[in-house]
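Reviewing the structure listed below.
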Amino acid sequence: MIACCLFQVVNVSGSVPPKVSEALSVAREARCSLDDLLHKEQLLSSSVDQHLADVQLWMDDLGETRDQVDTIERHMKYLLPQSQQCLMTSSVSEAIRAQSACSSLKGFLYKTLRFWHKIIKDRLSSDFDNILTQLHWPIDDIISQALVPSRGEPSPQPGCSATPPPHTLPLCLPVQIMLLPLSKRFKYHFSGNRQTNSLSKPEWYLTQTLLWMGNSSAFMEEKIQPILDRSAATINARVELSRGLLSLVQEKVAFDAGRLLYDDVLFCHLVEEVLQFEKELRSTYSYPKTFPGLLHLLLDEAVLQKWLTVEKKMAVEKMDAMLSAEGAWSSQYKDINDMDELKAPDCAETFMTLLQVITDRYQALPCPSAQLKFLGLQRELVDDFRIRLTQVMKEESRCPLGFRYCAILNAVNYISTILADWGDNVFFLQLQQAAVSLGEDALLKGLGVMELGRLASLEGSLFDGELALLDRLKGDMLGRLLEWTMREITEKAKPYCQDRWLSLPSQHDQSTMSLSSSACPMMLCLRDRLLNLHQVLSFSLFQLAWQGLAERLDSFIYQEVILSNHFSDGGAAQLQFDMSRNLFPLFGHYCKRPENFFKHVKEACIILCLNVGSALLLRSLLKDSRETSDWMSAGDPPPESALNELGVYCLAACDVLILLGLRASWPGQ
């Protein structure tokens, strides 16, 4: 087109200017260059396409190799960097920890295993379920069907499932499958609004569970246990099924206990049934103690505190009833001599039975700390009962020889005796060690280092505080009783004290002697009181009573009869006869040598009845020994030796001199 224009211009002008000619030349060169470039581009494009087609196979091979390298590099990130570095520094444990951090790989493997585990488990479960159906599993009876007819579909029950407690191992798969129909029936009958799901009848589902355990025992041992044995599984089939059934009961009891915290009667009934269930579970059904039963459910803080509160409330009510009962102070064994040694009144025996029942209830608890709380309650109840006895005793203290006063004394002694025996009981000794090791402030409060040391070495007992208070009360009551008795006896003894001992004639033949007439009232009173005390006091208390009475009588006769009078030979002989032939034999029914409990009187009679010659020699010896301070250096025997030869061991030399001075028959008088 440009050439055409130029041609037209040439034709018009008839001549070509130089600049136009130059431009035309440049344009022709440019066109030629452009055509050449286009040709080269076509050749290069064809060459590149041919090259790409030739290297495509190489690129495919290289891509596969690159993918393999990437995979290896990812593996090396798990295996090489940190682990290799740790191994190079000999840190094997660090290398192992580095390996265990492969979270993605572990997660993948875990998901894969779970995937296949579910497939295999479903397949085996289906096959096992078919076999169980052919074997007529479950083999059981539903006692609730006989109690109340069931209607409708089961409603959900919180916490009522076959899932085991978190602190126990999961059940093996076969037992889980076997438990499913039993779990379904348990939920059906003991959940929701069904009449069989009664808070007042926990024994229904507890008995049902024991029934299932018993009925399935033979099946588990004969059909399932051999299979487990062949697979080398260390599982007891019977125990495993019982464990699964217990998981149902555990959650049911835990749920019901929370609902009964405000109903004392139903709560107590539940606790009693749980304790009875636990006892049968361990004894009759031989459930291992290494596995939890139901008792740990009672250790829940709210449940345990409720139990303690109700236990105390009911114990106090029973104490009120037993002390106000008509036969509270009579012994139920009073007509059976062999069984009435302690002569415990009915109220005391009932009280100790109450404490024993409390012990029986909490003894099986698997927690020493909880057991110590109940022990603290028992000690509190003992102290409460002691205070009540003291109050009744004060009302009866105007007549210490009365029946009720003596019955209270027997009650105090009985409780003290039983608590002392409990202090040596293995169970309470174990609690004692637990109290020391746990540092129970409530039980050890106020104890010093010595007392704590005695408890730790098992020399003392946890009941020492209560025993000390009971013994003090017993001592006070016994002292008041003896004081009252002695008051009566001394009143009767006044004529005997004022008898004419100095003017009584000498009697050489004791066979013709008789009891002083003035002594008869005293002896009769003493005899009657001893017989009465023997009848109304327990054996151990009576032993203390007659020995205490003998000690008081010995002192009284020595002071008021012997030291307050002078004696002729006849008077001394009469005194010795009254004592050795009448007073001492009254106590001879209770011991072999009663005179040993009247040492002052016995030895005084020996001195008063010495013949004149022996009395003179003894008086001279005693006076010389008192006036001469160097008698030992002179080689003379001490005066005690002479007294011992006469049978005098209790009286001192000065006392003997006083007694010798009471003799009226001396030469020259």
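Residues take their numbers from the sequence shown, with the count starting at 1.
For Lys223, there are no salt bridge (charged side-chain N to carboxylate O under 4.0 Å, His left out) partners at least two apart in sequence or on another chain. Not a single salt bridge (charged side-chain N to carboxylate O under 4.0 Å, His left out) links Glu349 to another residue, sequence neighbours left out.
Checking side-chain atoms of Thr490 against main-chain N and O of Arg487 turns up a donor-acceptor pair under 3.5 Å. A side-chain donor-acceptor contact under 3.5 Å links Arg238 to the backbone of Tyr285. Side chain of Lys474 to backbone of Val412: no donor-acceptor contact under 3.5 angstrom is found. Side-chain N or O atoms of Glu551 include none that pairs as donor or acceptor with a backbone N or O of Phe597 at under 3.5 Å. No donor-acceptor pair under 3.5 Å is formed between the side chain of Asp346 and the backbone N or O of Ala328. A side-chain donor-acceptor contact under 3.5 Å links Ser247 to the backbone of Gly244. Proximity of a side-chain donor or acceptor of Tyr405 to a complementary backbone N or O of Met477 within less than 3.5 Å is detected. A donor-acceptor pair under 3.5 Å is absent between the side-chain atoms of Ser183 and the main chain of Leu180, judged by distance alone. Judged purely by atom type and a 3.5 angstrom limit, Thr359 uses its side chain to pair as donor or acceptor with the backbone of Leu355. Judged purely by atom type and a 3.5 angstrom limit, Ser437 uses its side chain to pair as donor or acceptor with the backbone of Ala434.
Proximity of Trp546 to Cys591: side-chain heavy atoms (C-beta onward) are separated by under 4.5 Å at one or more points. Taking 4.5 Å as the limit, some side-chain heavy atom of Ile489 sits within range of a side-chain heavy atom of Leu553. When side chains are defined from C-beta on, Leu533 counts as touching Leu481, because their heavy atoms get closer than 4.5 Å. Within the 4.5 Å cutoff, the side chain of Phe186 has no heavy atoms near those of the Gln208 side chain. Considering only heavy atoms from C-beta on, Leu429 stays 4.5 Å or farther from Asn425 through its side chain. Using a 4.5 Å cut-off on side-chain heavy atoms (C-beta onward), Asn197 and Trp204 make no contact. When side chains are defined from C-beta on, Phe267 counts as touching Val303, because their heavy atoms get closer than 4.5 Å. Using a 4.5 Å cut-off on side-chain heavy atoms (C-beta onward), Gln250 and His296 make contact.
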Go through the steps to decide whether Glu483 and Arg552 satisfy the test salt bridge (charged side-chain N to carboxylate O under 4.0 Å, His left out), and finish with yes or no. CA-CA 9 Å; Glu483 180 182 350; Arg552 285 167 169 79; over 6 Å; no
Run the numbers on Leu275 and Lys279 for side chain to side chain contact (heavy atoms under 4.5 Å, CB included), then give the verdict. CA-CA 6 Å; Leu275 294 174; Lys279 184 177 179 181; over 6 Å; no
Which is it for Asp360 and Gln356 under the side chain to side chain donor-acceptor pair (under 3.5 Å) test, yes or no, and what are the steps along the way? CA-CA 6 Å; Asp360 294 340; Gln356 183 59 58; 3.0 Å; yes
Evaluation steps, side chain to side chain contact (heavy atoms under 4.5 Å, CB included), between Leu266 and Leu270: CA-CA 6 Å; Leu266 294 184; Leu270 176 63; over 6 Å; no
Is there a side chain to side chain contact (heavy atoms under 4.5 Å, CB included) between Val271 and Val274 once you walk through the steps? CA-CA 5 Å; Val271 171; Val274 167; 5.7 Å; no
Could you go step by step and tell me if Leu298 and Leu304 meet the side chain to side chain contact (heavy atoms under 4.5 Å, CB included) rule? CA-CA 6 Å; Leu298 302 178; Leu304 183 62; 5.9 Å; no
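Around CD of Glu317, the count of heavy atoms belonging to other residues, nucleotides or ligands within 6.0 Å exceeds 12.
A side-chain donor-acceptor contact under 3.5 Å links Asn413 and Ser538. Between the side chains of Glu278 and Tyr287, no donor N or O sits under 3.5 Å from an acceptor N or O. The closest side-chain donor-acceptor pair between Gln225 and Asp229 falls under 3.5 angstrom.
Salt-bridge annotation for Glu272 and Arg361: present, with a side-chain N of the basic residue lying under 4.0 Å from a carboxylate O of the acidic one. Residues Arg388 and Asp384 are paired through a salt bridge, judged by an N-O separation under 4.0 Å between the basic side chain and the carboxylate. Salt bridge Arg386/Glu466: absent, no basic N to carboxylate O contact under 4.0 Å. Note on Lys252 versus Asp256: salt bridge recorded, some NZ/NE/NH1/NH2 to OD/OE distance being below 4.0 Å.
The SG atom of Cys347 sits 12.5 Å away from atom CG of Leu354, with the distance rounded to the nearest 0.5 Å. Rounding to the nearest 0.5 Å gives a distance of 11.0 Å between NZ of Lys343 and SG of Cys406. Interatomic distance, CZ of Phe403 versus CG of Asn410, reported as 9.0 Å (0.5 Å rounding). Residue Leu179 holds its CG atom at 12.0 Å from NZ of Lys184, rounded to the nearest 0.5 Å. Taking CD1 of Ile358 as the reference point, atom CE of Met314 lies at 10.5 Å (rounded to 0.5 Å). Between the CE atom in Met393 and the CG atom in Leu389 there is a gap of 9.0 Å [rounded to 0.5 Å].
Of all heavy-atom pairs between Leu526 and Phe587, the closest is CD2-CE1, 3.8 Å. What you find for Pro202 and His269 is that their closest heavy atoms are CD-CD2, 3.5 Å. When all heavy atoms of Cys525 and Glu488 are compared, the closest pair comes out as SG-CG, 4.0 Å. Of all heavy-atom pairs spanning Met213 and Leu246, the tightest one is CE-CG, 3.9 Å. Closest non-hydrogen pair, Leu401 versus Asn532, comes out as O-ND2, 4.0 Å. Across all their heavy atoms, Tyr590 and Leu530 have their closest contact at OH-CB, 3.8 Å.
For Trp307 and Phe374, the gap between ring centers is short of 6.0 Å. Here the two rings, on Phe428 and Phe463, have centers that are under 6.0 Å apart.
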